[in-house]
Amino acid sequence: MHVKVLFFGMLKDLVGRSEDRLEVGEGVRLAAVFDHYARRFPRLQEMASSIVLARNQEFSTPEASVAEGDEIAFLPPVSGGSSAGLEAEHEDELGNYFAITRSPLDPRPLTQRLARGSDGAIVTFEGTTRDHSSGRATCYLEYECYIPLALKKMREIGAELVSSHPIRRIGIIHRLGRLEIGEASVIIVVTSEHRRPAFEASREAIDRLKRLVPIWKKEYFTDGEVWVEGQWDEAVPRLEGSPRCSG
């Protein structure tokens with residue numbers, strides 16, 4: 001069987017490629033695919049406790065079986081995501097909107113898209129690029145992401161917030177590529193009848209996005225660059241602590 005293996009963020013730099021084709025035997029599990037690359041790149045094994053595996057654009061446990069033609073992704077801890085343009089978008093039947101783009105972000109079109117006359121509150125959050133990090137002057141940032149899974153998780157977050165908070169609509173747009181100082185990397189707009197639910201949903205949206213959506217950030221300084229290592233949500237399956245199978 002043959003599978004496609006994708007590497008993102010710092011893992012892409014570690015193995016020296018963003019994609020690989022791998023031949024595997026029948027009955028092989030995801031853990032064995034990871035072990036194959038960990039033997040070649042020992043640093044992967046050292047990072048196992050923070051790496052998440054995905055199979056066919058869904059988070060997956062190491063014991064999941066692999067099938068012919070599967071797309072397998074190795075995902076480092078999230079840190080939040082060139083030619084200009086929209087990469088992916090989705091608008092659901094309730095009017096909630098989610099998108100990933102390489103174009104500069106402006107909250108006004110998203111606000112106009114979501115707002116209705118019955119809304120008493122519209123809360124907008126913008127995450128912008130700082131000029132410093134850990135005492136070092138930042139020159140610019142670059143974002144990349146696993147686009148299909150990222151959009152799917154953004155949609156799930158939005159749907160769960162609409163069902164758990166008394167809000168009307170939510171929109172989330174994340175930018176990819178190079179961002180200069182002061183530019184927005186993400187905008188979130190929440191509409192509701194009253195202000196408190198909109199504020200609460202907006203805060204929860206960015207907190208969950210940074211733990212669940214596979215988007216990675218690299219910071220560039222005058223003396224080098226570094227991938228920003230964040231942290232996965234506790235609900236996301238990990239390599240460490242799961243049954244391991246070799247083959």
Side-chain angles (χ1 to χ4, degrees), residues 6-15 18 34 41 43-54 57-62 72-81 87-88 98-102 105 125-158 160-161 172-179 181 183-188 201-221 224-242:
L6 305 178
F7 305 92
F8 292 93
M10 63 184 73
L11 304 185
K12 178 178 65 176
D13 290 354
L14 194 156
V15 302
S18 60
F34 176 81
F41 306 98
R43 177 64 177 139
L44 282 178
Q45 188 61 59
E46 297 173 13
M47 296 177 62
S49 62
S50 62
I51 294 175
V52 164
L53 302 180
Q57 302 167 17
E58 291 283 0
F59 292 137
S60 187
T61 60
I72 299 168
F74 289 12
L75 311 177
V78 289
S79 52
E87 292 284 353
F98 312 95
I100 297 171
T101 183
R102 294 185 182 275
L105 300 182
F125 170 83
E126 291 187 56
T128 56
T129 306
R130 294 192 305 265
D131 64 0
H132 67 281
S133 178
S134 303
R136 303 170 73 185
T138 302
C139 299
Y140 62 93
L141 303 180
E142 281 191 356
Y143 283 88
E144 73 168 46
C145 83
Y146 187 15
I147 292 174
L149 182 55
L151 187 65
K152 182 180 296 184
K153 290 301 170 183
M154 288 165 62
R155 291 166 54 186
E156 290 177 2
I157 290 170
E160 290 167 4
L161 290 175
I172 305 174
I173 304 178
H174 205 292
R175 186 176 170 191
L176 304 180
R178 174 168 170 156
L179 275 72
I181 303 304
E183 290 190 307
S185 59
V186 59
I187 56 175
I188 298 172
S202 176
R203 179 173 181 174
E204 187 171 343
I206 187 59
D207 288 346
R208 296 185 67 184
L209 183 146
K210 291 173 72 66
R211 300 193 308 267
L212 287 169
V213 180
I215 296 174
W216 300 279
K217 175 173 66 177
K218 178 180 272 192
E219 294 183 325
Y220 287 81
F221 311 99
E225 68 270 354
V226 62
W227 287 101
V228 177
E229 184 170 352
Q231 184 174 0
W232 287 108
D233 188 88
E234 292 181 358
V236 177
R238 309 288 207 289
L239 277 162
E240 186 177 86
S242 300

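Heads up: numbering here begins at 1 and tracks the sequence.
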Indicate yes or no: at least one non-hydrogen side-chain atom of F221 is less than 4.5 angstrom from one of V226. yes

How long is the span from the CE atom in M154 to the CD1 atom in I215, to the nearest 0.5 Å? 6.0 Å

Smallest separation among heavy atoms of Y146 and A54, with atom names: CE2-CB, 4.2 Å

Atom of A184, atom of L179 and distance for their closest heavy-atom approach: O-CD2, 3.3 Å

Sidechain-backbone polar pair: W216 side chain, P76 backbone, donor-acceptor under 3.5 Å: yes

Ring-face cation contact, Y140 with R178, 6.0 Å cut, 45° max: yes

Side chains of F125 and R203 in contact at under 4.5 Å (non-hydrogen atoms): no

Verify, without hydrogens or angle tests, whether T129 (side chain) and E183 (backbone) share a donor-acceptor contact under 3.5 angstrom. yes

Close side-chain approach of V78 to L212, heavy-atom, < 4.5 Å: no

Enter the distance from I72:CD1 to L53:CG here, rounded to the nearest 0.5 Å. 8.5 Å

Taking all non-hydrogen atoms of both residues into account, name the closest pair between P214 and L75 and its distance. CB-CD1, 4.4 Å

If every non-hydrogen atom of I100 is compared with every non-hydrogen atom of A150, which pair is closest and at what distance? CD1-CB, 3.7 Å

Straight-line distance of I187 CD1 to T128 OG1, nearest 0.5 Å: 12.5 Å

Enclosure of E46 CD (heavy-atom neighbours >12, cutoff 6.0 Å): yes

Pairwise side-chain contact, F74 with V15, heavy-atom cut-off 4.5 Å (strictly under): no

Quick one: does F59's side chain get under 4.5 Å of W232's, heavy atoms only? yes

Pairwise distance CZ(F8) to CG(L149) - rounded to 0.5 angstrom: 8.5 Å

When every non-hydrogen atom of P237 is compared with those of T61, the smallest separation belongs to CB-CG2, 3.8 Å

About how many Å separate CD of E225 and CG of D13, when rounded to the nearest 0.5 Å? 8.0 Å

Side-chain contact test, heavy atoms from C-beta onward, threshold under 4.5 Å: evaluate it for E204 versus L161 and give yes or no. yes

Please walk me through it: do E144 and K12 pass salt bridge (Lys or Arg N to Asp or Glu O under 4.0 Å)? CA-CA 11 Å; E144 73 168 46; K12 178 178 65 176; 2.6 Å; yes

Please determine whether side chain to side chain contact (heavy atoms under 4.5 Å, CB included) holds for the pair Y220 and E142, giving the CA-CA distance in whole Å, both sets of side-chain angles, and the decisive distance to 0.1 Å. CA-CA 8 Å; Y220 287 81; E142 281 191 356; 3.2 Å; yes

Minimal non-hydrogen separation, I181 against R130, with atom names: CD1-O, 3.1 Å

Return the NE2 to CD1 distance between H174 and I188, rounded to the nearest 0.5 Å. 8.5 Å

Of all residues at least two apart in sequence or in a different chain, which pass the side-chain contact (heavy atoms from CB on, under 4.5 Å) check with T101? L86, S103, L105, I173

Would S185 and L141 count as a side chain to side chain contact (heavy atoms under 4.5 Å, CB included) here? Give the steps. CA-CA 9 Å; S185 59; L141 303 180; over 6 Å; no

Would K152 and E58 count as a salt bridge (Lys or Arg N to Asp or Glu O under 4.0 Å) here? Give the steps. CA-CA 9 Å; K152 182 180 296 184; E58 291 283 0; 3.1 Å; yes

When you look at L14 and M47, which way does the side chain to side chain contact (heavy atoms under 4.5 Å, CB included) test go after all the steps? CA-CA 11 Å; L14 194 156; M47 296 177 62; 4.0 Å; yes

Using side chain to side chain contact (heavy atoms under 4.5 Å, CB included), reason through E219 and R136 one step at a time and then give a plain yes or no. CA-CA 10 Å; E219 294 183 325; R136 303 170 73 185; over 6 Å; no

